[in-house]
Amino acid sequence: MLGALIASLDDPAVASGLVAALDDPSLAARVAAAAAASGRAPAEIVAATVRGFLDTASDDHWVQLVGIMNRAADPGLATLRAILSKALPEAGAWALRTGVGQAHGAHAP
């Protein structure tokens with residue numbers, strides 16, 4: 001099931017739909033901030049973030065994901081939420097690092 005979800009991320013409509021299905025405005029803002037900072041589409045950010053996380057996840061991360069999937073009504077969405085929440089910085093952190101979303105003339109530390 002997780003493999004099918006990951007494979008479906010190649011379709012931008014699916015990746016965008018999954019973020020919308022999470023119904024988490026804060027997480028959607030983090031995806032949008034990462035997309036703006038990198039100059040890539042939000043769907044590309046979702047796919048790359050999920051794949052990158054899974055490629056580099058430690059044993060502890062995998063155990064945590066299995067636990068999340070076992071407790072969730074929708075294991076795929078729960079896994080996606082957990083990965084994006086862990087891997088993407090808070091939206092404000094992107095602004096501080098990149099200047100994206102800051103007022104003109106403001107300087108990032």
(request) Working to the nearest 0.5 Å, report the span between CG of Leu80 and CG of Leu22. (result)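 Answer rounded to 0.5 Å: 5.0 Å.
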(message) Using 0.5 Å steps for rounding, measure from the OG1 atom of Thr49 to the CD atom of Glu44.
(response)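 Taking OG1 in Thr49 and CD in Glu44, the distance rounds to 11.0 Å.
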(request) Would you sort out whether Leu27 and Val19 count as a side chain to side chain contact (heavy atoms under 4.5 Å, CB included), showing the intermediate values? (result) CA-CA 8 Å; Leu27 194 53; Val19 172; over 6 Å; no
(message) Is there a salt bridge (charged side-chain N to carboxylate O under 4.0 Å, His left out) between Arg81 and Asp23? Walk through the geometry before answering.
(response) CA-CA 10 Å; Arg81 177 181 287 113; Asp23 194 30; over 6 Å; no
Minimal non-hydrogen separation, [X] against [Y], with atom names:
X     : Y     : result
Pro75 : Ala73 : CD-O, 3.6 Å
Ile68 : Ala82 : CD1-CB, 3.5 Å
Ala35 : Ala41 : CB-C, 4.0 Å
Ala48 : Arg40 : CB-NH2, 3.8 Å

(request) Kindly work out whether a path of hydrophobic side-chain contacts (I/L/V/M/F/W/Y, heavy atoms less than 4.5 Å apart) joins Leu5 to Trp62. (result)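 Same cluster: Leu5 reaches Trp62 through Ile, Leu, Val, Met, Phe, Trp or Tyr contacts under 4.5 Å.
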(message) Could you go through Phe53 and Thr79, starting from their C-alpha distance and side-chain angles, then the distance that decides it, and tell me whether this counts as side chain to side chain contact (heavy atoms under 4.5 Å, CB included)?
(response) CA-CA 11 Å; Phe53 183 87; Thr79 300; over 6 Å; no
(request) Answer yes or no: are there more than 12 heavy-atom neighbours, outside Asp55 itself, under 6.0 Å from its atom CG? (result)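 Atom CG in Asp55 is crowded, with more than 12 foreign heavy atoms closer than 6.0 Å.
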(request) Report the C-alpha distance between Val46 and Leu18 in whole Å, list the side-chain angles of each, state the deciding distance to 0.1 Å, and finish with yes or no for side chain to side chain contact (heavy atoms under 4.5 Å, CB included). (result) CA-CA 9 Å; Val46 170; Leu18 287 170; 5.8 Å; no
Looking at side-chain heavy atoms only, is the closest gap between [X] and [Y] below 4.5 Å?
X     : Y     : result
Lys86 : His61 : yes
Leu84 : Ile45 : no
Leu65 : Leu54 : yes

(request) Give a yes or no answer on whether the side chain of Arg30 reaches the backbone of Leu88 with a donor-acceptor pair at less than 3.5 Å. (result)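 At least one qualifying donor-acceptor pair exists.
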